[in-house]
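Below is one structure, written out as C-alpha cells, with a few remarks after it.
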Amino acid sequence: MKILTKWLRAYLPGLTVDAAQLAEDLTLRGIAVEGIYSLGEGKGTLYEMDITTNRVDAMNHYGIAREAAAIYGLKLPELNFALPAAKPAKTPFSVKIEAEDACGRFTARVLRDVTIGNSRDWFALAEIATYFGLLEQKMISNAVDATNFAWLAMGQPTHAFDLDKIEGGIIVRRARKGERLKTLDGVDRVLDASDLVVADHKKALGLAGVMGGWDTMITAETKNVLVEAAWFDPVAVRQTARRHGLHTDASHRFERGADFNAAPVASALVSAILLANGGWIDGELVDVRVAAAEERTARRKPIALQLSEVQRILGTTEDQEGITAATVEVVLTALGCGLAPPAVGQTFGQDSWQVSLPSWRLDLEREIDLIEEVARVYGYNRFANTLPAFGEGVRALPWAEKESTVRGTLLAAGFNEAIGSSFCSATEGAVTAPQPGQVVPLGNPLSEEAGVLRPSLVPGMLAMIAGNLNRDVGDVRLFELGTTFGGTTDKVEERPALGFGAVGSLPEESALHTSRAFEFYDIKGVVEQVLQRFEMRAMYFDRFPAESGLTPEWLHPYRAARAVADGVTVGWFGQLHPREATARKIKHTVLIGEIYLDRLYKLPLRRPIAREISRYQTVHRDFSLILGEGIAWETIDRAIGELQIPELADWRVREVFRDAKLGNGEYALLLGVTFQAQDRTLREEELQGFQARVVEAVGKAGARLRV
Amino acid sequence: MTNEAIPNLPEYNDAALDKAFAALEAQAREAAAGLDGDAAVEAFRLEWLGRKQGRLNEVSGRWLKSAPVDAKKALGVRFNALKELVEGLLVAAVGGGPSDATLKAEAIDITLPGTRRLIGAEHPITRTMNEIVQVFAALGYSVGVGPEVETDYYNFESMNFPPGHPARDTQDTLVVAGQDRKPLRDRLLLRTHTSPVQMRTMEQQPPPVRIVIPGKVHRNDAADATHSPIFHQVEGLCVDSNITFSDLKGTLDHAMKALFGSAVKTRFFPSFFPFTEPSADVQISCIFCGGKGCRKCKQSGWIELLGCGMVDPAVFAFAAEKQPAYDAKKISGFAFGMGVERIAMMKYGISEIGQFFAGDMRFLGQFA
C-alpha cells in the first residue's frame, strides 16, 4: 500500500518531523514503512507500507494520520464533508436489509442530473489530480475517481450505481441458487444461496462488499446516481469472495472489519466529488442500520482497564517513572478511545477505567488489547531489558543422548549429516514402507513426487545420492536422522529413524594411496558400531531367501541383511536393488540402509566397563581352511565360540579367497586365533590342546585344513 | 671390519691379561666408532656378541676354558668388564642412531598433502539448532518436542487462530488426505510452526514452564531462494507468576548477544501474531556491517530475525481447560520463535535455502 506524506500533512498541518523520522516512528509503532521514496520538490515522500492484517484501519491516509497524531500528540481534525442541502424527496429511496446477519448498515444517497466526466478540482484542497498523480493512480471519471478517493483517504469501500438501471429499491439479501449476475470484471456468474448480493426488486445488482454489477455501472450517459456506502459482515464477504475467487480492495477491507460509522462520511465525500460537476441531492441520506451489528461494532460495551494490570504485563521501563495513569490516558484518548471512571460498584480502586472503543478498531476487544496499544504507542524500545529469575532444573529429552551418540558414530565413520524431503511419491512409499500399506497420502501435495509422507528415509536418501552423482560427485556418504510416518490418515504414527547411504570410496583422502571402494562389509561395520553403542545381550544379522518376500524390495536380495538386536528387527541394509538403481539412472553400486531408532532407543546406551588387561604373552595361530560355498562364516564362528575356551581371547577372519586350484564349489578362509590367559604364560602343550580342539570344531562344522 | 683372530694367551698373569684385554677393548672401541646404519650395528653385534662366532664367545672358548683354575677369577672379572663395555658400545651406537647421511637418504616430500581420514559433518541446521538450544539451556530452558503431523486444534485453534481467521490464509498448510469428514479441530495437517508444542507442554505441566522447542515444520510454499516447504524453527515459551514484556526483551536481547556476539543490539517493534499480545518483531543490528548499513541489511543497519510476544490470554484459556493453573489473571508469559534456516544462512553465508535439503556432499562437507 502506498501512502503520501503530502496527504498526511494535509490532515495534520502540525506535523513537523521529516519523512525519514516519521517513517521510523511509525515503523517502531507497528505501522511499518517498508520503502521511502522522495517524490521531488514540494511533492513530499511516498511510503510503501506493510501493515499487519489486524490493523486494517490503518491501511489508508486518514488512519495513518491518526497514528501519527497519537505519536506526536497532535490533534487530528474529524473528517467532515459539507454537502449542499438536499431537496426533499417525494418518496424516500427504498432500502431494505433482508440478510441482517450479513449486512449491518446500508446508506444510499440519490444524486440527480450529475455530469459524468473528468474529476474537477475539488474543494479547497484541489488534490485529487495531484494525489492520484503521485500515487500513479489513473484518473478515469469523476464517479470512479470519487470512490477511489474515498478508498485511499479513509479505507471505506463505496459504490456508485446508475440509478436509472435500478428497478424499485435496494434489497440486501442472499442470492437465489442459480441466479445470474455479470460483475464489473465482465464475468457472468452463477450465484449460490450463500452469496450475499445487493439487489433491486427484480435482480441482483452486485456481490455485496466484493464487486459491483455490469448492468448498473456508471457510463458516460449516466444522469442519476445512487451512492452506496455500507457495512458488511466479514464472514459473509469472505465466503462470497472465496466462492467466486475474487479478492478486491472492498472484500479485503470488509473481510477484516470495516468502520461501522464510516459509511455516511464516505458517502458525503463521494457525493461531494460528483456534485462538483453539477447535479443535486434528491432527499436525505437513507441510512438503514441493524442494531445487532451496531452493538458488535460501534456500540460495544466498554472494557475495564487497570493500571496495575498494564504494569503487571509490561514490566519495567528505562524511564524511572514507568507507565503511569497519565500515559494510559494520553495514548488511548489519542487512538479514539473514551476513558471513563470505573462503573459504580466495581472495586478496582484507583487508576482504573472504563474504556469505550472506537468503531474503526474492531481488533480491540479485551483489556490485553488496550495494554498492547499502550506499549505500542509508548514505544517498545523504551522498556528495559530485564531477565526473569528461575529456580527449576533443565531437563534434556530422554533420547537426546542416544540421538547424539548415533549421530557421533556416523560422523566418526565419515558420513555427512543430511536432511531430506519429508515426502516421497506413492510408488516409492509402497516400495520402502517398513509396514506394508502403511503410507499416508497428503490431501494437497506439493507435487506427485511428494504425494505421501515418507514411510522410510530411503527414498530421500536415494534422491540425495542421485543428486550428488548427477553433479559428478562420486564419493557420497550421507546419513539422516529424521521422522518417518506410518499408520493411517486417521492416526498417523511418527517414528525416528536413521537412514544412511554410501557410494564410491572409503572416507579417506590420500595423495599417495589408491582408495578402496565402499563395500557391503563397510556399511555393515557402521551398523555394527551403531548397535554396539547400545546395551544388548545379542546382536545378529541374517537374510532370507528371495522367495520368502521378507527382504525389503529396495534391497538386493543376496546382498542385504537384517539387523537384529535382542530378538527385535532394528534395521535393514545392504546393496540397493539393481532395479531401483536403474529406475533412478544410477550406474554406481549404492549401499544403503535404515535403522528403526524407536526400537533401538528402547535399549539403554552401553556403559563401558573396563576389564583387566592380561600381562601375559599372547600367542597367535593361523589356520588355513577350505570350506564348501554353502558354509558361511557364521557356522565356523559359532563352532569356535561354543568351545568356550577362556584362553581363546580372539578369533577372526584374516582373509577369504577363491582360487581355481581349489575344489569345485569351495573357498579358502584364513582363520586367525589368539590365545592368552589372564593368570599365566601358556605352555606349549596347553596350546597344542587348544589348537586341536579348534581344528576339531571347525572340522565338524564342515571345514578342512588346507595342507 | 678386519679384526684379527683371537690369539692364544701366552700367560695368565695380571699384566698379560690386562694387555690382552686392553687390546680387545681398543679393537671394540675402534670398530664401534665408525658404525653407520642398522646393518653396520647388527654386524658389530654379531662380530662381538654373536652366540656362535662372536669374538667374546671365542674369548670365552679359548681363554677361559684353558685358563688355570687360579687365574679363572681374574680372567672372568676382565671378561665381564669387556662384555659390559661392548654392550655399552652397542647401546651407544644404537642410541646415537644412524648418521645424517643415512637419514638424508630417507628424505620424503613433506609438502605432499596429508592423508585424511574424513570425518562427517554435522548438518548446519542441527548445529545452529543445538547452538540456540544451548543458549537457552543456560537461561533455564528445557527442551520440548512434539509431532510433525498435528491436529488443527493444536496447530491453529488452541493458538488462537479461530476458524476462518484471515491469518490462516497466510499459512498455506499441507494437510493429510481424507480429513474432510472429521470435525475441524481433529483434522490432521503438517504443523506450520512449532507453537503447538507450547499447548502440549502446558497441558502436561502447570506453571512454571520454560521450554525451547526445536523442530521441523512444513508449509505449502513454492521453493525459491528463501522459501522452502520444509524448514525448522526454535520456539520458546516462558510462563510464571510474574513474567513481563521487559523480561521478554531482556531474554531475547541476551540470547541474540550470545548467538551473534556481545556487540549486537536488538530493537523491538509491534507486530501481530494470533497467539501473543502484545506481539513484537525483533531486529538485530546488522552482523555484517555493525549497523552502518550494507547490501545485506538493505542499508537499514538492521536485520529482522524473530517474532515474539506475551502469551495471549486466549491461549492460556485453552491451556486452562486441562491445567487450571493457567489463569491469565495470575500468571503471565512470553513466547518467541525463530527460523533456524534464516539464522544459519546468516551465520554461514548461505544464499539458497534449498541447499540445506539437497544432500550435496560439497555443501555439507564444509561444515566438518
Q) Backbone N or O of A/N385 within a donor-acceptor pair of the B/D253 side chain at under 3.5 Å? A) no
(Q) Which atoms of A/V440 are under 4.5 Å from chain B, going by heavy atoms: the side chain, the backbone, both sets, or neither? (A) side chain
Q: Measure A/R407 against the heavy atoms of chain B and call it side chain, backbone, both or neither at under 4.5 Å.
A: side chain
Q. Which distance, rounded to the nearest 0.5 Å, do you find between the CZ of A/R312 and the OG of B/S241?
A. 9.5 Å
Q) With a 4.5 Å limit on heavy-atom distance, are the side chains of A/L442 and B/V175 in contact? A) no
**Q.** chain B contact via A/T52 - side chain, backbone, both or neither, heavy atoms under 4.5 Å
**A.** side chain
Q | B/Q283 CD to A/N381 CG distance, which is reported to the nearest 0.5 Å | A | 9.0 Å
Q.
I'd like to know if the side chain of A/N444 and the backbone of B/T173 have a donor-acceptor N/O pair within less than 3.5 Å.
A. yes
Q) Do B/K216 and A/S422 have a side chain donor and acceptor closer than 3.5 Å? A) yes
Q | Shortest non-hydrogen contact between B/S142 and A/G393, atoms and distance | A | OG-O, 3.8 Å
(Q) Given heavy-atom pairs under 4.5 angstrom as the criterion, report whether the side chain, backbone, both or neither of A/A400 touches chain B. (A) neither
Q: Verify the neighbour count for atom CD of A/E318: are there more than 12 heavy atoms of other residues, nucleotides or ligands below 6.0 Å?
A: yes
Q) Would the number of heavy atoms belonging to other residues, nucleotides or ligands and lying under 6.0 Å from CZ of A/R471 be above 12? A) yes
(Q) Looking only at heavy atoms and a cut-off of under 4.5 Å, which of A/P507, A/S510, A/A418 has the most pairs with chain B? (A) A/P507
Q.
For B/Q204, is the CD atom crowded, meaning more than 12 foreign heavy atoms sit under 6.0 Å from it?
A. no
Q) Based on non-hydrogen pairs under 4.5 Å, which of B/L252, B/N242, B/L174, B/I119 is most in contact with chain A? A) B/L174
Q. So does A/E24 pair up with B/R267, basic N to acidic O under 4.0 Å?
A. yes
Q) Tell me, side chain or backbone of A/S421 under 4.5 Å from chain B's heavy atoms, or both, or neither? A) both
Q | Interface residue of largest heavy-atom contact number with chain A, from B/A222, B/S279, B/S271, under 4.5 Å | A | B/S279
Q. CZ/B/F268 to CG/A/L28 distance, rounded to the nearest 0.5 angstrom?
A. 12.0 Å
Q) B/A255 versus chain A, heavy atoms under 4.5 Å apart: side chain, backbone, both or neither? A) neither
Q) Do you know which of A/V452, A/V235, A/L410, A/D369 has the most heavy-atom pairs with chain B at a distance under 4.5 angstrom? A) A/D369
Q. Do NZ/NE/NH1/NH2 and the carboxylate oxygens of A/D472 and B/R362 come within less than 4.0 Å?
A. no
Q. Looking at B/D247, B/I125, B/V149, B/N130, which makes the most heavy-atom pairs under 4.5 Å with chain A?
A. B/D247
Q) Contact part of B/A368 toward chain A, heavy-atom cut-off under 4.5 Å: side chain, backbone, both or neither? A) neither
Q) Contact part of A/V476 toward chain B, heavy-atom cut-off under 4.5 Å: side chain, backbone, both or neither? A) both
Q | Option that, when pairs with chain A are counted at under 4.5 Å, heavy atom only, ranks first among B/D186, B/D312, B/L112 | A | B/D312
Q. Taking every heavy-atom pair that is under 4.5 Å apart, which of A/I313, A/V473, A/T27 has the most such pairs with chain B?
A. A/I313
Q.
If you compare all heavy atoms of A/E372 against all heavy atoms of B/P278, which two are closest, and at what distance to 0.1 Å?
A. OE2-CA, 3.2 Å
**Q.** Side-chain (A/T386) to main-chain (B/S246) donor-acceptor, under 3.5 angstrom
**A.** yes
**Q.** Under 4.5 Å from any heavy atom of chain B - which part of A/Q239
**A.** neither
Q.
With a 6.0 Å cut-off (strictly less than), is the heavy-atom count around NZ of B/K265, excluding the residue itself, greater than 12?
A. no
Q) Do B/T126 and A/E417 get their side chains close enough for a donor-acceptor pair, meaning under 3.5 Å? A) yes
Q: Count the heavy-atom pairs under 4.5 Å between each of A/A413, A/P441, A/G420, A/P388 and chain B, then report the option with the highest count.
A: A/P388
(Q) Between B/Y141 and chain A, with a heavy-atom cut-off of 4.5 Å, which part of the residue counts as in contact: side chain, backbone, both or neither? (A) backbone
Q: Select one option (side chain, backbone, both, neither) describing which atoms of B/F356 are under 4.5 Å from chain A's heavy atoms.
A: backbone
Q: Heavy-atom distances under 4.5 Å only: say whether B/R127 touches chain A with side chain, backbone, both or neither.
A: neither
(Q) Report which part of A/F415 has an atom under 4.5 Å of a heavy atom belonging to chain B: side chain, backbone, both, or neither. (A) backbone
Quick one: side chains of residues 462-470 of chain A, donor-acceptor pairs under 3.5 Å with protein atoms, not counting sequence neighbours, listed by atom name and distance.
from, atom 1, to, atom 2, distance (Å)
A/N468, OD1, B/M361, N, 2.9
A/N468, ND2, A/M464, O, 3.0
A/N468, ND2, B/G359, O, 2.7
A/N470, ND2, A/A466, O, 3.3

Q) Salt bridge or not for B/E277 and A/R366, using N-O below 4.0 Å? A) yes
Q | Min side-chain heavy-atom separation B/T244-A/L314 under 4.5 Å | A | no
**Q.** Value rounded to 0.5 Å, distance of CG in A/N54 from CZ in B/F272
**A.** 4.5 Å
Q: Could you tell me the separation between the CG atom of A/D490 and the CG atom of B/L188, rounded to the nearest 0.5 Å?
A: 7.5 Å
Q) In terms of heavy-atom pairs under 4.5 Å with chain B, which of A/V492, A/I31, A/T489 leads? A) A/T489
(Q) Under a 4.0 Å threshold between the charged nitrogen and the carboxylate oxygen, would B/K329 count as salt-bridged to A/E367? (A) yes
Q | Options B/I230, B/I243, B/D360, B/L190, ranked by heavy-atom pairs under 4.5 Å with chain A, top entry | A | B/D360
Q. So, A/Y380 versus B/F245, ring centres under 6.0 angstrom or not?
A. yes
Q | Side-chain heavy atoms of B/T115 within contact of A/E508, under 4.5 Å | A | yes
Q: Taking atom NZ of B/K330 as the centre, report whether more than 12 heavy atoms of other residues, nucleotides or ligands fall under 6.0 Å from it.
A: no
Q. Can you name the closest pair of heavy atoms from A/L446 and B/P229 and give their distance?
A. CD1-CB, 3.4 Å
Q. Atom NE2 in B/H123, atom CG in A/L478: separation rounded to 0.5 Å?
A. 9.5 Å
Q) Is it the backbone or the side chain of A/L453 that comes under 4.5 Å from a heavy atom of chain B, or both, or neither? A) side chain
Q. How would you list, by chain and number, every residue that makes a side-chain hydrogen bond (donor to acceptor under 3.5 Å, both in side chains) with A/T483, sequence neighbours excluded?
A. B/E148
Q) Based on non-hydrogen pairs under 4.5 Å, which of B/R187, B/K298, B/R210, B/Q179 is most in contact with chain A? A) B/R210
